[in-house]
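Before any comments, here is the structure.
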Protein chains: 2
Amino acid sequence: MTETSIERRSGVALWRQIADQIRQGIGAGLGDETGRLPTEVALAERFGVNRHTVRTAIQALVQEGVLRSEQGRGTFVVRQPRLSYPIGSRTRFSAGLEGQARDLRGKLLDHAYEDASAPVAEALELVVGAPVLRLETMSEADGRPISRARSYFDAQRFPGFERHFVRTGSITMAYRHFNVGDYFRRSTTISARHADSADLEILKLSPGAIVLVALGFNVDQSGRPIQFSETRFSADRVELQVGGAGFTV
Amino acid sequence: MTETSIERRSGVALWRQIADQIRQGIGAGLGDETGRLPTEVALAERFGVNRHTVRTAIQALVQEGVLRSEQGRGTFVVRQPRLSYPIGSRTRFSAGLEGQARDLRGKLLDHAYEDASAPVAEALELVVGAPVLRLETMSEADGRPISRARSYFDAQRFPGFERHFVRTGSITMAYRHFNVGDYFRRSTTISARHADSADLEILKLSPGAIVLVALGFNVDQSGRPIQFSETRFSADRVELQVGGAGFTV
DNA sequence: TATAATTGTCTAGAGCAATAGACAAATTTG
DNA sequence: CAAATTTGTCTATTGCTCTAGACAATTATA
């Protein structure tokens with residue numbers, strides 16, 4: 001579906017372009033049924049570069065855990081299918097990925113009580129400067145980092161929210177302590193960009209990687225805003241699913 | 001919301017990373033109300049690089065038409081806000097972007113009658129090898145390339161579909177000729193990747209740019225599949241909007 | 001058990017990316 | 001008008017990217 005080629009003098013090193021294309025190609029069946037990649041010489045010829053340049057690309061992917069090289073045998077794909085993350089009116093982290101991974105977990109990286117900035121205040125329908133709780137979280141599936149999120153909550157309505165989250169490991173559970181039995185995703189805005197240095201570290205990505213950015217906006221049953229969050233997904237590990245697959249839009 | 005920083009020895013030239021960050025930052029209010037960017041010296045200090053490196057980045061963006069430099073005065077943003085493309089059960093190109101651009105148009109780049117491959121056949125509920133019509137299209141808003149798409153249709157149900165599309169410039173209109181008065185988006189799967197060479201050419205992007213990839217799946221009123229398409233949006237020019245904003249999910 | 005195929009390591013050189021400094025040209029400010 | 005600010009151009013140097021060739025180490029094959 002996609003014809004490959006690389007650009008010189010583009011500001012992106014050839015080895016990085018090749019690494020990106022190999023990473024992408026893996027899903028589309030690059031490598032035979034045993035997961036074996038073409039040889040370094042064959043890849044070099046295909047991309048029109050020196051063998052050493054291909055080696056640099058492969059080494060980066062080995063470092064990332066995407067490939068595995070064996071001297072004398074070849075280079076092999078380490079099978080890691082992309083997760084499909086459903087987005088809709090009832091978007092939930094754990095429920096959405098159930099069945100796609102054995103071990104799902106969320107971690108609290110940091111939290112702080114702050115004064116609401118203009119965009120946060122507008123989203124939560126508070127006045128600028130009102131106290132809000134900021135949560136920095138990240139999630140893993142079977143030990144692979146999947147996403148990181150920055151979420152804002154009304155501090156007056158949800159005092160000590162972070163403690164409930166840490167104890168239960170779940171936003172949904174934490175809401176229950178504040179009598180929010182159910183809640184809804186009112187809107188999600190999706191964009192994409194290159195990972196910044198914090199993304200690289202937290203999601204264990206290599207420089208030049210892409211993140212899907214989802215700005216989400218949750219409301220309770222009465223329609224009052226309760227959460228505003230920016231979630232960044234590793235674009236190589238996750239795709240976002242809107243509607244379909246037995247999922248109520 | 002996003003703290004900027006750049007990575008050395010990443011395989012991506014510093015000037016390109018800086019260009020990417022400036023391009024992104026423009027939407028988030030980099031540059032004051034007059035559209036004036038910080039001076040080259042200030043940017044160099046902020047990114048921790050030499051002024052010449054910043055100049056290379058700026059020159060690339062001037063070439064792209066995103067910035068405009070004036071000797072003695074400064075560097076200015078050529079105003080180009082990011083479009084917000086709604087995705088939901090009634091996703092339509094023109095209707096979705098109405099009001100965000102004066103001049104919306106779709107172009108047919110290519111079309112061909114082919115035998116359905118396995119994934120296409122599955123999506124359209126046909127047998128593998130059944131005749132399908134493949135349309136290659138692209139869209140512009142006020143002369144800026146926004147997206148390109150590859151769509152598949154059942155050739156037996158919609159013979160000559162491409163002629164109706166060319167005449168009306170609209171998928172919705174073309175369907176009317178086959179008594180499909182209304183249709184729905186059953187699901188959309190969103191991912192992101194680096195633009196390939198065809199993307200660069202058609203969407204007029206610079207190497208290293210990111211595209212949002214939306215796999216869409218349309219059905220008619222009775223729930224029968226009528227269209228399967230892959231649309232690629234320039235991530236710098238478009239964000240995808242799921243739900244919200246008076247939009248029925 | 002040779003032979004071929006494939007990845008791993010080393011050295012050397014050409015070209016692009018980034019730094020550094022100096023000064024010119026155009027514009028704004030006092 | 002003079003000074004300060006800001007972009008434009010030039011030269012030189014350092015370091016990273018890519019190429020090129022040779023050979024070692026490991027595994028598969030005839």
Side-chain angles (χ1 to χ4, degrees), chain A residues 5-22 30-64 66-78 194 206-208, chain B residues 4-22 30-64 66-78 206-208:
Chain A
S5 74
I6 54 178
E7 311 276 329
R8 284 164 193 267
R9 288 183 209 88
S10 67
V12 183
L14 299 182
W15 66 264
R16 172 137 296 289
Q17 298 183 52
I18 293 169
D20 290 341
Q21 292 205 5
I22 291 176
L30 189 81
D32 59 16
E33 56 289 338
T34 71
R36 187 166 184 271
L37 237 61
T39 68
E40 295 176 349
V41 174
L43 286 171
E45 193 166 342
R46 170 163 164 191
F47 288 113
V49 301
N50 192 276
R51 182 184 151 223
H52 294 292
T53 307
V54 168
R55 281 183 58 75
T56 307
I58 289 175
Q59 280 159 19
L61 294 173
V62 168
Q63 200 65 24
E64 250 181 82
V66 174
L67 297 180
R68 171 175 43 86
S69 285
E70 297 180 25
Q71 187 167 1
R73 293 192 2 103
T75 303
F76 300 84
V77 176
V78 176
H194 286 109
S206 56
Chain B
T4 56
S5 71
I6 54 178
E7 308 281 326
R8 286 165 191 267
R9 290 183 209 88
S10 67
V12 182
L14 299 184
W15 67 263
R16 173 138 295 289
Q17 296 184 52
I18 292 169
D20 290 342
Q21 292 204 6
I22 291 176
L30 188 82
D32 59 16
E33 56 290 335
T34 71
R36 187 167 184 273
L37 236 61
T39 67
E40 295 175 349
V41 174
L43 286 171
E45 193 166 343
R46 170 162 163 192
F47 287 114
V49 300
N50 192 276
R51 180 183 154 223
H52 293 294
T53 308
V54 168
R55 281 183 60 74
T56 306
I58 288 175
Q59 280 160 20
L61 293 173
V62 168
Q63 199 66 25
E64 250 181 82
V66 174
L67 297 180
R68 171 176 43 85
S69 285
E70 296 181 25
Q71 187 168 359
R73 293 191 7 102
T75 302
F76 300 84
V77 176
V78 177
S206 54

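When rounded to the nearest whole Å, the span between CZ of Arg73(B) and P of dT28(C) equals 5 Å. Here dG8(D) presents its P atom at 6 Å from CD of Glu40(B), a figure rounded to the nearest Å. The CD-C1' distance, from Gln71(A) to dA24(D), rounds to 8 Å in whole Å. Distance CZ (Arg36(A)) to P (dA5(C)): 12 Å, rounded to an integer number of Å. To the nearest angstrom, C1' of dG8(C) lies 17 Å from CZ of Arg68(A). One interatomic measurement links the two molecules: CZ of Phe76(B) to P of dT6(D), which rounds to 11 Å at whole-angstrom precision.
Taking CZ of Arg16(A) as the reference point, atom CZ of Arg16(B) lies at 14.0 Å (rounded to 0.5 Å).
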Practice problem: Please test Leu67(A) against Val77(A) for side chain to side chain contact (heavy atoms under 4.5 Å, CB included), starting from the C-alpha separation and ending with a verdict. | Solution: CA-CA 5 Å; Leu67(A) 297 180; Val77(A) 176; 4.1 Å; yes
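Within 6.0 Å of CD on Gln59(A) lie more than 12 heavy atoms contributed by other residues, nucleotides or ligands.
Residues Gly72(A) and Thr53(A) each lie close to DNA chain D; by heavy-atom proximity, the contact nearer the 5' end of the strand is made by Thr53(A).
Val49(A) comes within contact range of the sugar-phosphate backbone alone, with a heavy-atom separation under 4.0 Å but no base atom that close. Counting non-hydrogen atoms under 4.0 angstrom, Thr56(A) reaches nothing in the nucleic acid.
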